[in-house]
Amino acid sequence: MSDYDFTSIEKKWQAYWETHQSFKVTEDPKVPKDKRRYVLDMFPYPSDAGLHVGHPEGYTATDIYSRFLKMRGYNVLHPMGFDAFGLPAENYAIKTGTHPRASTERNINRFRDQIKSFGFGYDWDREVSTCDADYYKWTQWIFLKIFEKGLAYEAEMPINFCPSCKTGLANEEVKDGLCERCHSRVERRSLRQWILKITAYAERLLADLEKLDWSESIKVMQRNWIGRSEGASVIFSLEDKTPIEVFTTRPDTLFGATYLVLAPEHPLVPKITTPDRKKAVAAYVDAAGRKSDLDRTELAKEKTGEFTGAYAINPVNGGKIPIWIADYVLISYGTGAIMAVPAHDERDFEFATAFKLPIVQVVSRDGKPMELKEAFTEDGVAVNSGRFSGLPTPEFKKRITEWLAGKGLGKATVNYKLRDWLFARQRYWGEPIPLVHCPKDGIVPVPYDELPLKLPDVKSFAPTGTGESPLAAIADWVNVTCPKCGGPAKRETNTMPQWAGSCWYYLRYLDPKNDKAFSGRDKIDYWMPVDLYVGGAEHAVLHLLYARFWHKVLFDLGLVNTDEPFRRLVNQGMITSFAYERPDKSLVPVDQVDERENETFIERATGKPVARIIAKMSKSLKNVINPDDVVREYGADSMRLYEMFMGPLEVSKPWTVSGILGVKRFLDRVYKLGDKPLADGEPPRELLRLLHKTIRKVTKDTDNLCFNTAISQMMIYSGEIAGLDTLPRALWEPFLLVLAPYAPHLAEELWEKCGRKPSISAHPWPAWDEALTVDETVTIVCQINGKVRSRLELPRDLKPAELEKAALADARIRELLAGKKPAKVVTVPNKLVNIVVKG
RNA sequence: GCGAGAGUGGUGAAACUGGCAGACACGCCAGACUUAGGAUCUGGUGCCGCAAGGCUUAAGGGUUCGAGUCCCUUCUCUCGCACCA
């Protein structure tokens with residue numbers, strides 16, 4: 001008897017797969033379209049911390065699924081690569097002087113080794129790195145296509161600027177006013193920027209979500225982010241007839257508009273402000289300009305504003321209403337101006353109350369005015385609205401919009417919260433934007449045949465912080481001749497954001513070495529779209545929105561075959577860890593806590609009890625699990641199996657050491673089963689039945705990504721056959737086959753040990769015989785008034801009358817009935833009999 | 001505040017279209033063998049009760065012969081959004 005030496009077994013088979021190119025994929029034209037699958041992982045950013053346990057969770061899921069599909073006869077594309085441009089490498093370079101390329105390469109090599117140590121069946125010939133010139137050549141190429149299509153523009157405008165990362169950020173990269181990456185407070189700064197017109201695709205990005213098999217929560221996040229709202233734009237005018245356009249979703253409340261509010265940045269503000277209000281207004285505008293978005297929202301409780309001294313005319317009733325400015329109105333949404341209806345909008349109500357402005361009710365619940373202690377924002381029936389009074393809200397909206405349109409005073413309008421995508425970074429380690437600024441010809445694209453525009457070497461990686469990237473300091477790179485007129489010109493020195501490379505990497509995998517095109521059209525047609533995309537939910541509105549946008553642009557250019565890239569998306573849950581919390585909610589690192597009996601935990605330093613909680617893994621809590629350690633101590637197969645056994649893929653779940661021991665024991669048992677002598681005879685009937693049930697369950701569960709229940713079925717099965725002295729081949733080999741996607745190294749080893757030729761991954765998946773899964777007898781539950789009172793072991797498929805008869809004949813049932821007559825008997829074939837008695 | 005998802009043993013979790021709640025695993029208990037490093041094997045283990053039996057899927061109500069599952073109300077947690085007019 002030998003020990004389960006997982007380390008040498010895993011090394012052996014990883015070497016075998018590598019030398020035999022077991023997972024190399026080609027575009028075999030004989031395989032029909034419905035037998036091809038593209039299974040994609042979100043590629044990692046190779047940080048210097050190495051892989052964390054969250055990475056192999058998604059990767060294991062897709063690996064099991066891909067191996068499973070392959071065994072079922074599919075041609076499966078399952079590639080891996082690296083999202084390799086980005087700030088951490090650059091920051092490291094600033095600190096140490098190491099070129100980002102050097103540290104990135106080192107990290108990639110480490111990541112690749114780590115990923116390989118799990119035995120994932122990637123086709124490594126298709127590996128891509130977004131920072132390779134051969135790759136970013138095509139990122140630049142696609143950018144130029146976007147530029148040519150008029151979807152990229154340059155603008156100098158106030159933007160989100162992270163003072164710590166020293167670069168501008170897209171809206172999607174700011175969370176609660178903090179930089180999504182480093183959590184510094186984001187400032188407002190005016191910078192020259194390159195911006196992509198993602199808003200031009202807002203409607204399609206929204207509508208096409210319907211076609212996608214994605215989790216509802218991600219779709220909702222994207223919908224909210226795009227933020228479509230239907231309403232009307234209405235033109236108010238000043239006394240001197242200057243028009244002011246506002247956007248409202250409630251044109252039905254026009255009669256209740258008692259003042260207008262402009263954003264402080266609104267261009268009309270300086271023009272309309274009366275001399276006596278100039279000083280106060282200018283001070284307010286200045287203060288608002290210096291506030292960050294966070295400041296503006298943090299102070300949300302107290303409404304502030306200033307009266308401009310000007311008045312506007314309400315187009316529906318000729319009412320003269322004051323015009324205010326306030327920072328609760330955003331210049332970037334709608335027209336930067338609103339009509340305020342305090343009776344029916346909470347914010348306007350607050351503002352009107354604070355500044356003692358009139359509140360006029362124009363909607364009521366039932367057509368009769370009611371007392372308003374707060375804004376009534378629901379739909380209702382119009383009041384105080386002239387000849388529109390009495391109309392229900394939706395009808396009113398339609399009628400008033402038509403009326404306004406007829407008078408040229410407004411029209412139906414759709415607005416989106418989505419803003420254009422700020423696409424320039426004032427940093428070094430990214431794709432150079434391939435444009436040239438010529439004093440004569442303006443913006444001139446770098447000719448396609450000069451791509452890639454290579455990232456030059458620099459002396460200093462440090463961002464200047466002035467809105468210029470480190471590239472600006474390299475005179476002989478910056479100064480060029482204009483591709484158009486040949487005169488002196490300057491290169492664009494901004495680089496692209498990290499998201500650029502990941503917008504299309506799934507297309508490069510299809511044809512990674514193509515130097516004529518970003519990807520061959522035949523390859524795109526062969527594989528696309530991605531059938532299953534697995535990754536973390538943190539990219540819900542960043543990568544996933546940007547990639548959809550680029551894909552749609554490529555689709556419109558006729559360069560790809562579908563208008564959506566990722567047909568099905570699954571977000572794996574986070575792997576968390578236990579930590580401890582004092583009664584005051586402060587956290588205690590795990591190494592400072594002792595466990596006592598019955599689930600109590602004591603902080604060693606104080607001797608006081610602390611509560612066990614589930615927390616994200618973090619260095620400070622000392623609860624980080626390093627996957628390398630796990631592979632070394634328990635083996636890759638145990639790690640794979642454990643991460644899948646913990647619970648459903650989509651939910652987050654805490655790591656426990658005892659949990660991995662459980663699956664390790666299972667693999668130990670399976671390994672020992674391999675020592676039993678094999679027999680060729682007919683296996684026992686019950687075990688054969690269990691085998692077919694197991695094949696069925698593992699097949700269906702794997703297909704549905706329900707790996708935890710598939711594993712539990714394999715545990716049950718292995719437990720049952722463990723009692724045999726000799727192992728019928730017919731029970732053993734099919735089991736190894738269903739185990740193979742889950743614990744591929746062990747399965748290969750045992751497959752070889754029982755005399756089969758490797759690789760098991762190339763062997764067809766076993767089929768189950770439905771007839772063989774059927775039990776001869778079934779347990780019939782006998783209930784009286786819904787309570788289980790007895791169980792009967794009966795032949796299958798008895799008729800209802802027979803079931804009823806059997807149940808009523810049961811001694812226990814007769815005793816409990818005590819002669820009472822059943823009022824009703826419900827029977828469910830092969831399941832139960834429920835006897836209903838009264839009284 | 002709004003939106004989405006979720007609340008099942010000591011723990012991670014199962015449960016198909018309403019039909020034996022708690023599969024599988026951890027932990028714990030008992031036994032076997034005896035133990036060199038998280039041993040292994042067998043049995044038990046939702047709660048209350050000596051027992052018969054009763055109770056049990058966040059709480060309460062409803063529909064139903066029958067509800068973890070469907071409907072209503074409330075509570076709690078996680079995530080996302082948050083002056084978007």
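Labels below follow one simple rule: chain letters A, B, ... track the order of the sequence lines, proteins then strands, and each chain is numbered from 1. Just so we're clear, the structure is a prediction, and the values are computed from it rather than from any experiment.
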- Item | A:Met714 CE to B:A23 C1', straight-line distance once rounded to whole Å | 15 Å
- Quote, to the nearest angstrom, the C1' distance that separates B:G44 from B:G10. 16 Å
- Item | Under 3.5 Å: donor-acceptor pair, side chain of A:Asp797, backbone of A:Asn830 | no
- Determine whether the side chains of A:Asn415 and A:Ser229 contain a donor N or O and an acceptor N or O closer than 3.5 Å. no
- How far does the C1' atom of B:C28 sit from the matching atom of B:C75, given to the nearest Å? 32 Å
- In whole angstrom, give me the gap between the C1' atoms of B:C16 and B:G80. 32 Å
- Query: What does A:Val220 touch in the nucleic acid at a heavy-atom separation under 4.0 angstrom: a base, only the sugar-phosphate, or nothing?
  - Reply: sugar-phosphate
- Note on the structure: Out of B:G19, B:C20, B:U11, minimum distance to the side chain of A:Thr779 belongs to B:C20
- Message: Heavy-atom nearest nucleotide on RNA chain B for A:Arg419 versus A:Val781: which residue maps closer to 5'?
- Response: A:Val781
- Query: CE of A:Met221 versus P of B:C79: gap in Å, rounded?
  - Reply: 11 Å
- Which of the following nucleotides, B:C83, B:A23, B:G27, is nearest to the side chain of A:Asp327? B:C83
- Message: Under 6.0 Å between ring centres: does that hold for A:Phe645 and A:Phe707?
- Response: no
- Roughly, in whole Å, what's the span from CD in A:Gln783 to C1' in B:U64? 13 Å
- Message: OP1 or OP2 of B:G80 versus the side-chain N and O atoms of A:Arg223: is any pair under 4.0 Å?
- Response: no
- Just call it for A:Val825: base, sugar-phosphate, or nothing, with non-hydrogen atoms closer than 4.0 Å on any strand. nothing
- Rounded distance in Å between the P positions of B:A59 and B:G7: 13 Å
- Pair pattern of RNA chain B in dot-bracket, where unpaired bases get dots and | marks partners in another strand, Watson-Crick or G-U under 3.5 angstrom: (((((((..(((......[....)))((((((.......))))))(((....)))..(((((..]....))))))))))))....
- Message: Between B:C83 and B:G18, how many Å separate the two C1' atoms, rounded to a whole number?
- Response: 46 Å
- Between B:C81, B:G19, B:G12, spot the one nearest the side chain of A:Val826, thanks. B:G19
- Message: From CH2 of A:Trp225 over to C1' of B:C79, roughly how many Å is that when rounded to an integer?
- Response: 15 Å
- Query: Does NZ or CZ of A:Arg612 lie under 6.0 Å from the centre of the six-membered ring of A:Phe578, at an angle within 45° of the ring axis?
  - Reply: yes
- Message: The criterion is ring pair (Phe, Tyr, Trp, His ring centres under 6.0 Å); which residues satisfy it with A:Phe351, sequence neighbours excluded?
- Response: A:Tyr259, A:Trp324, A:Tyr328, A:Phe355
- Message: By the salt bridge (charged side-chain N to carboxylate O under 4.0 Å, His left out) test, which pairs, at least two apart or in different chains, include something from residues 218-232 of chain A?
- Response: A:Glu203-A:Arg228, A:Glu210-A:Arg223, A:Glu216-A:Arg223, A:Arg228-A:Glu230
- Of the listed B:C65, B:A85, B:G12, the closest approach to the A:Lys653 side chain comes from B:G12
- Task: Find the distance A:Lys397:NZ to B:A85:C1' and express it as a whole number of Å.
- Result: 12 Å
- Query: How far does the C1' atom of B:A58 sit from the matching atom of B:U69, given to the nearest Å?
  - Reply: 16 Å
- Compute whether any side-chain donor of one residue and acceptor of the other, for A:Ser718 and A:Arg669, lie under 3.5 angstrom apart. no
- Task: Output the single nucleotide from B:G27, B:A14, B:G38 whose closest atom is nearest the side chain of A:Leu661.
- Result: B:G38
- Message: Rounded to whole Å, how long is the line connecting atom CG of A:Asn708 with atom C1' of B:A15?
- Response: 12 Å
- Query: In whole angstrom, what separates A:Asn830's CG from B:C16's C1'?
  - Reply: 15 Å
- Query: Looking across every strand, which nucleic acid part, if any, lies under 4.0 Å from A:Tyr634 by heavy atom: base, sugar-phosphate, or nothing?
  - Reply: base
- Query: Contact class for A:Ser229 vs. all strands (heavy atom < 4.0 Å): base, sugar-phosphate, or nothing?
  - Reply: sugar-phosphate
- Whole-angstrom distance between B:C65 and B:U76, as gauged at atom C1': 34 Å
- Only one of A:Arg696, A:Lys693, A:His692 passes side chain to side chain donor-acceptor pair (under 3.5 Å) with A:Thr773; say which it is. A:Arg696
- What is the nucleic acid contact for A:Lys700, judged by heavy atoms within less than 4.0 Å: base, sugar-phosphate only, or nothing? nothing
- Assess whether one donor atom and one acceptor atom, taken from the side chain of A:Asn834 and the base of B:C65, lie less than 3.5 Å apart. yes
- Out of B:C55, B:C41, B:A13, which has the shortest distance to the side chain of A:Arg669? B:C41
- Are side-chain heavy atoms of A:Val341 and A:Phe349 found at a separation under 4.5 Å? no
- Query: Are A:Thr335 and A:Glu245 linked by a side-chain donor-acceptor pair shorter than 3.5 Å?
  - Reply: no
- Task: For the side chain of A:Arg812, starting at C-beta, report the closest nucleotide among B:G27, B:G53, B:A13.
- Result: B:G53
- State which of B:G12, B:C26, B:G19 makes the closest approach to the side chain of A:Lys831. B:G19
- If you check the A:Tyr333 side chain, which of B:A4, B:C26, B:A85 turns out closest? B:A85
- Query: Out of B:A13, B:A21, B:A85, which nucleotide sits closest to the side chain of A:Thr249?
  - Reply: B:A85
- Note on the structure: Assigned chi class of B:G43 under the 90° convention is anti
- Message: Work out how far the C1' atom of B:G9 is from that of B:U73, and round it to whole angstrom.
- Response: 28 Å
- Message: Check this one for me: any side-chain N or O of A:Arg789 less than 4.0 Å away from OP1 or OP2 of B:G54?
- Response: yes
- Grab the NZ-P distance between A:Lys787 and B:G54 for me, whole Å please. 6 Å
- Message: By the 4.0 Å heavy-atom rule, please label A:Glu633 as base, sugar-phosphate, or nothing.
- Response: base
- Sorted by position of nearest nucleotide on RNA chain B, 5' first, the leading residue of A:Lys697 and A:Val657 is A:Lys697
